[in-house]
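Quick note: numbers below take in every heavy atom, side chains included, and nothing from hydrogens, waters or symmetry partners.
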Amino acid sequence: MDIVIKDLCKSYGETAVLKQLNAVIEKGRITCLMGQSGVGKTTLLNILMGFEKADSGAVENLPQIKAAVFQENRLCESFTAFTNVKIANDSLTDSTITAHLCQVGLGEAVNQKVSTLSGGMKRRVALVRAVLAEKEILFLDEPFKGLDEDTKAVVTQYLLQHTKDTTVVMVTHDINESQSLGAKVLYLKDGQITV
């Protein structure tokens, strides 16, 4: 079922970030949240992920099993790229993990400690980990941050290939990213959503 957001409100002190926000996030589709900095995209994402509570309103049909890529990579720096993916889903075969890391251009980094990797490489490990995690919904907060255009194109194809029929909610500032993913776009402005 589609996720239905009804009259969601969230304030921090005197500042109202979300004001009677209503939206539908379609099941099995990529939805991008867009808008200026500070309009509440990450706040809405945090409410959907269960990290924050709305002041009022409701979210219906929200899946329970979630995976995410945060603005920070949140990797275990002393573990290898391979192990960072493995700990998110212990049922994965070694060959599956290696194949996925190779698909995003990390074939030579599979057994390297994450602490030795560049920022863009860490970002790709975080993406593969989230894609391969057991989940019913995938949250992506600026997932292409720190990637050059060529790498972004590779990762875009990877996401399209491996998120078919998965409900994905993504925050981005770049309309080109949403278009390349064929995403439905929800614009946040003044605490409301416009399509």
To the nearest 0.5 Å, tell me how far K152 NZ sits from S180 OG.
8.0 Å

Please name the pair of heavy atoms, one in Q112 and one in T116, separated by the smallest distance, quoted to 0.1 Å.
NE2-OG1, 3.3 Å

Is a side-chain N or O of T96 found less than 3.5 angstrom from the main chain of L92, in a donor-acceptor match?
no

Could you tell me whether a side-chain N or O of N22 sits under 3.5 Å from a main-chain N or O of Q20, the two making a donor and an acceptor?
yes

Please find the pair of heavy atoms, one from V185 and one from M34, that lie closest to each other, and give the distance.
CG1-SD, 3.8 Å

Rounded to the nearest 0.5 Å, the CG atom of L181 sits from the CD1 atom of I30 at a distance of 4.5 Å

Apply side chain to side chain donor-acceptor pair (under 3.5 Å) to N61 and D2, showing your working.
CA-CA 7 Å; N61 310 323; D2 294 344; over 6 Å; no

Answer yes or no: is there a donor N or O on one side and an acceptor on the other, between the side chain of D148 and the main chain of D150, under 3.5 Å?
yes

How close do L132 and N89 get, counting heavy atoms only, and between which atoms?
O-ND2, 2.9 Å

Counting neighbours of NZ on K184 that are heavy atoms of other residues, nucleotides or ligands and sit closer than 6.0 Å, is the number greater than 12?
yes

Just verifying a value: how many Å separate L186 CG and T194 OG1, rounded to the nearest 0.5 Å?
8.5 Å

Salt-bridge criterion met for K113 and E77 (N-O under 4.0 Å)
no

CA sep, side-chain torsions, deciding dist, call: V104, L127, side-chain contact (heavy atoms from CB on, under 4.5 Å)
CA-CA 9 Å; V104 295; L127 276 160; over 6 Å; no

So I5 and V24, do their side chains get closer than 4.5 Å, heavy atoms only?
no

Salt bridge E136-K66, side-chain N to carboxylate O under 4.0 Å
no

Do you reckon L159 sits in the same ILVMFWY cluster as I137, going by side-chain contacts under 4.5 Å, direct or chained?
no

Are I25 and V69 grouped together when hydrophobic residues (ILVMFWY) are joined by side-chain heavy atoms under 4.5 angstrom apart?
no

Enumerate, atom names and distances included, each donor-acceptor pair closer than 3.5 Å involving a side-chain atom of residues 46-59, sequence neighbours excluded.
residue	atom	partner	partner atom	Å
N46	ND2	T42	O	3.4
N46	ND2	E52	OE2	3.4
E52	OE1	Y12	OH	2.4
E52	OE2	Y12	OH	3.2
D55	OD2	S11	N	2.7

I'd like to know if the side chain of T163 and the backbone of T166 have a donor-acceptor N/O pair within less than 3.5 Å.
no

Sequence neighbours excluded, the answer for side chain to side chain contact (heavy atoms under 4.5 Å, CB included) partners of F79 is C76, T83, N84, I87

How far does NZ of K189 sit from CD of Q36, to the nearest 0.5 angstrom?
8.5 Å

Taking only Lys NZ, Arg NE, NH1 and NH2, and the carboxylate oxygens of Asp or Glu, determine whether D165 and R29 approach each other closer than 4.0 Å.
no

Residues C102 and G107: closest non-hydrogen pair is SG-CA, 3.6 Å

Using side-chain heavy atoms (C-beta onward) and a distance below 4.5 Å, is L147 in contact with R124?
yes

Are a donor atom and an acceptor atom from the side chains of T98 and S95 found within less than 3.5 Å of each other?
no

With a 4.5 Å limit on heavy-atom distance, are the side chains of L33 and L44 in contact?
yes

For T167 and K27 the tightest heavy-atom approach is OG1-CA, 3.4 Å

Within the 4.5 Å heavy-atom criterion, are V171 and F139 side-chain neighbours or not?
no

Would you say the side chain of L140 lies within less than 4.5 Å of the side chain of V169, judging by non-hydrogen atoms?
no

Checking the side chain of K10 only, and the main-chain atoms of A16 only, is there a donor and an acceptor separated by less than 3.5 Å?
no

Side chains of M170 and S178: does their closest heavy-atom pair fall under 4.5 Å?
no

Would you indicate whether the side-chain heavy atoms of F144 and V155 approach each other to under 4.5 Å?
yes

Assigning hydrophobic clusters by single linkage (Ile, Leu, Val, Met, Phe, Trp, Tyr; side-chain heavy-atom cutoff under 4.5 Å), is L138 placed with L62?
no

What is the distance from atom CG of L75 to atom CE of M121, rounded to the nearest 0.5 Å?
12.0 Å

Quick one: CG on L101 to CG on L106, what's the gap to the nearest 0.5 Å?
5.5 Å

Any donor-acceptor N or O pair under 3.5 Å, side chains T172, D174:
no

I need the full list of ring-ring contact (aromatic ring centres under 6.0 Å, His included) pairs touching residues 95-128, with sequence neighbours left out, sorted by first then second residue.
H100-Y158, H100-H162

Q64, CD atom: more than 12 neighbouring heavy atoms under 6.0 Å
no

Beyond-backbone contact of V128 with Q103, side-chain heavy atoms, under 4.5 angstrom
no

Give the minimum heavy-atom separation between L188 and K41, together with the two atoms involved.
CD2-N, 3.8 Å

